[in-house]
Amino acid sequence: MPPEPEPLNGDEPLLQGGTESSSSGVAAKMSFMRVSSTPGDENGVDESPLLDDDLTTSLVPNGAGGAGGGPDNNNNNNDNEDPRQRYLQMAYERTRWIGPYLATVTMLSMIILVPAAVYRAASLGRVDVGAFDSALVMVLGTVVMSLRLVYLHLTHWHMPDVQKYVVRILWMVPLYSVQSYLSLRFHDARIYIDAIRDFYEAYVIASFVYYLMELLGGQERLVEILQSKDASLGHHKFPFNYVLNTWEMGTEFMLQCKHGALQYVVMKLLATILCFMCQAAGVYGEGEFSWATAYPYMTFVMNFSVMYALYCLVMLFHAVNEELCNPINWRPLGKFLCVKGVVFFTWWQGVVIYYLRAHGIISDIGTWSAGEVANGLIDFCIVFEMVFFAIAHSFTFSYKEYLPSRYTSNLAAAAAASAADTEGGGGGGGEHEGGGAGAEYQPPAIRTLDRPLSFQDAFWSSTVPRETLNDIQRLRGGVDETLARATDPGAISMRSMAGGDDDELESVTRNLV
């Protein structure tokens, strides 16, 4: 696997979000430039604006529209254009409007073909054929819409530290859809297919935790924000208060939330391997609540694991929701519901369907047993739901949120609002980080590239989960042991930003934050 790529051409990113403390400093960053390949340009800079909203920004060379990408950028150089550059420019301009039409055609195709598949199955008297055909149409539509959104992110890779987690989350919908269809179509191998799907579910929950951290500027910044919060946020509600100690706001809270998500990844991996072994030995017994089968024991343990992972996610979301909405509104609620909704529906609908089967409401149909009918119904419901989650993802995880022009505009607006509050005596962000009256709140710094990484580099950057594997290794002994290691010699002292009290000193190693 290649290493995570650095900014192209060895250039430093033109944007470092939050490094400017005034609206004028932020506004100065709003003029994006690109290196020009025109020989006649003495300064080597094309002062045309960077159109970071173009569909194929990272796929077209600078000479063929480059970062500017618009027709005006090439009018002055038409005499020097070779045929290949002219062809690329024409293809580049045409692909900009394909995406919306592709999504529309996909939706219309599903609306027409799904009823047609059901009608064909009804005329043949085959319920399974209708389920197979209609599910296949929905899977194709879901995959097309999801791949388009993933493609847009990979070709607009301006915030690599944030967007790599977005892409990992986006892959959940097409993977769920395809694997559920395969489970429906080849129900004899359902256990093996669903085990892989469920493992990716755990991976997505962990990725969403990392995603929230990066939106806030990284782990160090998150610790500072948590230290400024009310200590009551670390208290647990019933019934968790009987089994969990209070989490101290700061490093411990952050590590507990991360540990809660990562433990589910490890538990799901172990459960997947154990499922394969038990099934091969003939003792798994899916859906059978018998003392002699492994299914009830594994289900009991995994239910607690997923509940704790989701609980930690809710705790983190509740603690930092204000910072995720202000001064830059990342629309966290919609993103949270999209991630949690997939887990919620896939788990609870399975519980309901198994309950109906246990009470005889779901019975044998043709050559399918009641158990196969119940499992097939679960897979079909997932395929159906993924169509709507694909649509929801296109709005909640839009690539446009991470464009330099959009991000810089948000920073400028936040700086102007902070300056206005300060002049008006509002304290200008005194509620954040424990700042006093008149203190100016600075939005978190997010590494932003003026020109996106190449498609290949962006793809590999989103694929290799180095931080997840490293954190699993660091937290293998639990949060208490990890915090104890932070007090060893060589640790970096980070004082609480809330009040500056020496008693609020926390020792945090470089490996932790």
Original post:
Got Ser177 and Ile382 here, is their nearest side-chain heavy-atom distance under 4.5 Å?
Top reply: no

Original post:
Aromatic ring centroids of Tyr399 and His158 under 6.0 Å?
Top reply: no

Subject >> Interatomic distance, Met159 atom CE to Arg447 atom CZ [nearest 0.5 angstrom] >> reply: 11.0 Å

**OP:** Using a cut-off of 6.0 Å, state whether more than 12 heavy atoms not belonging to Tyr355 lie near its atom OH.
**Re:** no

Subject >> Which atom of Arg168 lies closest to which atom of Ser461, heavy atoms considered >> reply: NH2-O, 3.7 Å

**OP:** Run the numbers on Gln179 and Val139 for side chain to side chain contact (heavy atoms under 4.5 Å, CB included), then give the verdict.
**Re:** CA-CA 10 Å; Gln179 290 176 340; Val139 167; over 6 Å; no

Subject >> Close side-chain approach of Val283 and Thr293, heavy atoms under 4.5 Å >> reply: no

**OP:** Look at the side chain of Ser146 and the backbone N and O of Thr142, then say whether any donor-acceptor pair between them is shorter than 3.5 Å.
**Re:** yes

Original post:
Does atom CZ of Phe384 have more than 12 heavy-atom neighbours from other groups under 6.0 Å away?
Top reply: no

Original post:
So do Asp198 and Thr272 actually touch side chain to side chain, heavy atoms under 4.5 Å?
Top reply: no

Subject >> Residue pair Glu201 / Val342, side-chain heavy-atom distance below 4.5 Å >> reply: no

Original post:
From Arg190 CZ over to Ser180 OG, what is the distance, rounded to the nearest 0.5 angstrom?
Top reply: 8.5 Å

Original post:
Which atom names give the shortest non-hydrogen contact between Cys257 and Leu316, and what distance separates them?
Top reply: SG-CB, 3.8 Å

Subject >> N/O donor-acceptor pair under 3.5 Å between Arg331 side chain and Phe395 backbone >> reply: yes

Original post:
Has the side chain of Ser454 got a donor or acceptor atom that lies under 3.5 Å from a matching backbone atom of Asp457?
Top reply: yes

Original post:
When rounded to the nearest 0.5 angstrom, what is the spacing between CD1 in Ile225 and CD in Glu220?
Top reply: 12.0 Å

**OP:** Output all residues satisfying salt bridge (charged side-chain N to carboxylate O under 4.0 Å, His left out) with Arg197, sequence neighbours left out; order by chain, then residue number.
**Re:** Asp194, Asp379

Original post:
Closest approach of Arg221 and Leu216, non-hydrogen atoms and distance?
Top reply: CG-O, 2.6 Å

Original post:
Is a donor on one side and an acceptor on the other found under 3.5 Å between the side chain of Asn326 and the backbone of Glu322?
Top reply: no

Subject >> Flag, side chain of Gln256 to backbone of Phe253, donor-acceptor distance under 3.5 Å >> reply: no

Original post:
Just how far is it from atom CG of Asp133 to atom CE of Met138, taken to the nearest 0.5 Å?
Top reply: 10.5 Å

Original post:
For Asn241 and Phe238, what are the C-alpha separation, side-chain angles and deciding distance, and is it a side chain to side chain contact (heavy atoms under 4.5 Å, CB included)?
Top reply: CA-CA 5 Å; Asn241 58 320; Phe238 177 85; 3.9 Å; yes

Original post:
Is it true that Glu323 and Lys229 make a salt bridge, defined as a side-chain N closer than 4.0 Å to a carboxylate O?
Top reply: yes

Original post:
Nearest heavy-atom pair of Ala309 and Tyr264: which atoms, and what distance?
Top reply: CB-CB, 3.7 Å

Original post:
Measuring from Trp171:CH2 to Ile169:CD1, what's the distance to the nearest 0.5 Å?
Top reply: 14.0 Å

Original post:
Would you say Phe455 and Tyr151 make side-chain contact, with heavy atoms under 4.5 Å?
Top reply: yes

Original post:
His153 and Tyr402: side-chain donor and acceptor closer than 3.5 Å?
Top reply: no

Subject >> N/O donor-acceptor pair under 3.5 Å between Ser305 side chain and Val301 backbone >> reply: no

Subject >> Exam field: side chain Gln263 to backbone Gly260, donor-acceptor pair closer than 3.5 Å >> reply: yes

**OP:** For the pair Leu262 and Tyr210, evaluate side chain to side chain contact (heavy atoms under 4.5 Å, CB included) and give the outcome as yes or no after the intermediate values.
**Re:** CA-CA 11 Å; Leu262 294 178; Tyr210 285 103; 3.7 Å; yes

Original post:
Centres of the Trp247 and His236 rings: under 6.0 Å?
Top reply: yes

Original post:
Between Thr448 (side chain) and Ile446 (backbone), is there a donor-acceptor pair under 3.5 Å?
Top reply: yes

**OP:** Mark yes when over 12 heavy atoms from residues, nucleotides or ligands other than Asn245 sit less than 6.0 Å from its CG; otherwise mark no.
**Re:** no

Subject >> Test log, rule salt bridge (Lys or Arg N to Asp or Glu O under 4.0 Å), inputs Glu481 and Arg476 >> reply: CA-CA 9 Å; Glu481 180 179 328; Arg476 65 187 183 278; 5.8 Å; no

Original post:
Are the side chain of Asn470 and the backbone of Arg466 linked by a donor-acceptor contact shorter than 3.5 Å?
Top reply: yes

Subject >> Pairwise side-chain contact, Leu449 with Pro160, heavy-atom cut-off 4.5 Å (strictly under) >> reply: yes

Original post:
Considering all heavy atoms of both residues, which atom of Ile191 and which atom of Cys275 are nearest to each other, and what is their separation?
Top reply: CG2-SG, 3.2 Å

**OP:** Show the numbers, then the answer: is there a side chain to side chain contact (heavy atoms under 4.5 Å, CB included) between Ser462 and Gln163?
**Re:** CA-CA 8 Å; Ser462 66; Gln163 286 180 277; over 6 Å; no

Subject >> Distance, nearest 0.5 Å, that separates CD1 of Ile353 from CD1 of Ile361 >> reply: 11.5 Å

Original post:
Do Leu226 and Val320 touch side chain to side chain, with heavy atoms closer than 4.5 Å?
Top reply: yes

**OP:** State whether the side chain of His259 and the backbone N or O of Leu255 hold a donor-acceptor pair below 3.5 Å, judged by distance alone.
**Re:** no

**OP:** State, yes or no, whether a side-chain contact exists between Leu184 and Val383 at a heavy-atom distance under 4.5 Å.
**Re:** no

Subject >> Cationic tip of Lys335 above Phe208 ring, under 6.0 Å, 45° of axis >> reply: no

Original post:
Are Lys164 and Glu214 ion-paired here, with the side-chain N under 4.0 Å from a carboxylate O?
Top reply: no

Subject >> Pair Glu385-Tyr176, side-chain donor/acceptor within less than 3.5 Å >> reply: no

Subject >> Val314 to Phe336 - nearest heavy-atom pair and separation >> reply: CG2-CZ, 3.7 Å

**OP:** Assess whether ring-ring contact (aromatic ring centres under 6.0 Å, His included) is satisfied between Phe300 and Tyr297, documenting all intermediate values.
**Re:** CA-CA 5 Å; Phe300 180 81; Tyr297 304 104; 9.0 Å; no

